[in-house]
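Presented below is the structure to which this report refers.
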Amino acid sequence: MERPLLPADKRTAAVTEQIASFHRETVDEVIAAVTRDRVVVVGMSQNPFVKRVRKALDGAGITFRYLEYGGYHNQWRRRLAIKLWSGYSTFPQVFVDGVLIGGAEETEAAIAAGELAPA
């Protein structure tokens with residue numbers, strides 16, 4: 001089930017441009033990594049769930065690209081742009097083969113089930 005979004009015909013051209021350009025360089029950086037690398041973890045410093053997922057992936061021998069965007073008190077707008085792009089409200093955001101699989105719990109479950117293994 002998709003989250004409802006305000007239709008384009010209910011936004012002005014200026015608002016549409018503002019949405020499209022909001023920290024676009026950050027979103028483009030994430031898109032490039034997700035397209036290029038098999039496993040990508042998008043996170044932030046000091047977040048225990050980000051540390052947990054990185055440790056789980058390392059422990060399973062899974063190579064991943066890590067992109068970090070600030071901590072609790074900085075770069076929140078860049079993280080907001082990523083959340084708006086992905087539609088996922090928390091960090092980490094783990095992508096496998098270009099697909100958002102979730103955060104720490106979902107990644108640990110995929111590793112435990114053998115659905116995510118070293119390439």
Side-chain angles (χ1 to χ4, degrees):
M1 178 178 188
E2 291 282 329
R3 173 172 69 103
L5 296 174
L6 185 65
D9 66 344
K10 300 295 182 190
R11 299 186 305 242
T12 66
V15 168
T16 299
E17 173 57 30
Q18 187 176 11
I19 291 168
S21 63
F22 184 69
H23 287 276
R24 183 60 189 252
E25 68 286 348
T26 300
V27 173
D28 287 345
E29 182 177 33
V30 174
I31 290 170
V34 167
T35 302
R36 179 185 60 239
D37 300 307
R38 178 174 172 256
V39 179
V40 177
V41 176
V42 180
M44 56 187 282
S45 65
Q46 304 166 340
N47 182 308
F49 294 97
V50 173
K51 292 176 184 176
R52 194 170 106 190
V53 80
R54 292 176 71 191
K55 184 176 179 181
L57 290 166
D58 282 337
I62 298 168
T63 302
F64 62 94
R65 164 95 47 209
Y66 177 58
L67 301 174
E68 182 174 280
Y69 296 99
Y72 287 102
H73 302 291
N74 60 20
Q75 297 187 34
W76 65 268
R77 285 183 179 93
R78 293 178 79 191
R79 290 192 306 278
L80 176 59
I82 296 165
K83 291 175 182 183
L84 291 170
W85 167 74
S86 70
Y88 197 65
S89 64
T90 64
F91 289 101
Q93 296 188 11
V94 181
F95 296 84
V96 177
D97 295 323
V99 176
L100 176 61
I101 67 166
E105 290 180 15
E106 295 83 2
T107 303
E108 290 167 340
I111 292 169
E115 297 167 357
L116 180 55

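Side chains are part of it too, since the values below use all heavy atoms of this structure and drop only hydrogens, waters and symmetry mates. The shown structure was predicted, so the numbers you read here are calculated from the model rather than taken from an experiment.
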Apart from V15 itself, what residues make up its hydrophobic cluster when side-chain heavy atoms of I, L, V, M, F, W and Y under 4.5 Å apart count as a link, directly or indirectly? I19

What is the distance from atom CG of L57 to atom OH of Y66, rounded to the nearest 0.5 Å? 12.0 Å

Kindly say whether V50 contributes a backbone atom to a donor-acceptor pair with the side chain of N47 at under 3.5 angstrom? yes

Correct closest heavy-atom pair for V34 and G98 would be CG1-CA, 3.5 Å

Partners meeting side-chain hydrogen bond (donor to acceptor under 3.5 Å, both in side chains) with R52 (sequence neighbours left out): E108

Excluding L84, membership of its hydrophobic cluster (Ile, Leu, Val, Met, Phe, Trp, Tyr; side-chain heavy atoms within less than 4.5 Å) reads F22, W76, L80

Could you give the distance from CD1 (I82) to CZ (F91), rounded to the nearest 0.5 Å? 4.5 Å

Measuring from T107:OG1 to F49:CZ, what's the distance to the nearest 0.5 Å? 12.5 Å

Taking all non-hydrogen atoms of both residues into account, name the closest pair between S86 and Q93 and its distance. OG-OE1, 2.9 Å

Which residue, V41, V39, V42, D37, forms the side chain to side chain contact (heavy atoms under 4.5 Å, CB included) with R65? D37

State the OG1-CD distance between T12 and Q18, to the nearest 0.5 angstrom. 8.5 Å

Taking C-beta and beyond as the side chain, do H23 and Y69 meet within less than 4.5 Å on heavy atoms? no

Nearest-0.5 Å distance, CD1 of residue I101 to CD of residue E115: 8.5 Å

List the atom of A60, the atom of I111, and the distance in Å for their closest heavy-atom pair. CB-CG2, 3.8 Å

To the nearest 0.5 Å, how far apart are CE in M44 and NZ in K51? 10.5 Å

So, do D97 and R38 sit near enough that their side-chain heavy atoms are less than 4.5 Å apart? yes

Keeping the roles fixed (side chain from E106, backbone from G103), state whether a donor-acceptor pair exists under 3.5 Å. yes

Can you give me the closest heavy-atom contact between I31 and T35, atom names plus distance? O-OG1, 2.7 Å

Please find the pair of heavy atoms, one from N74 and one from R79, that lie closest to each other, and give the distance. O-NH1, 2.8 Å

Contact summary for L6 and R11, nearest pair of heavy atoms: O-NH1, 3.1 Å

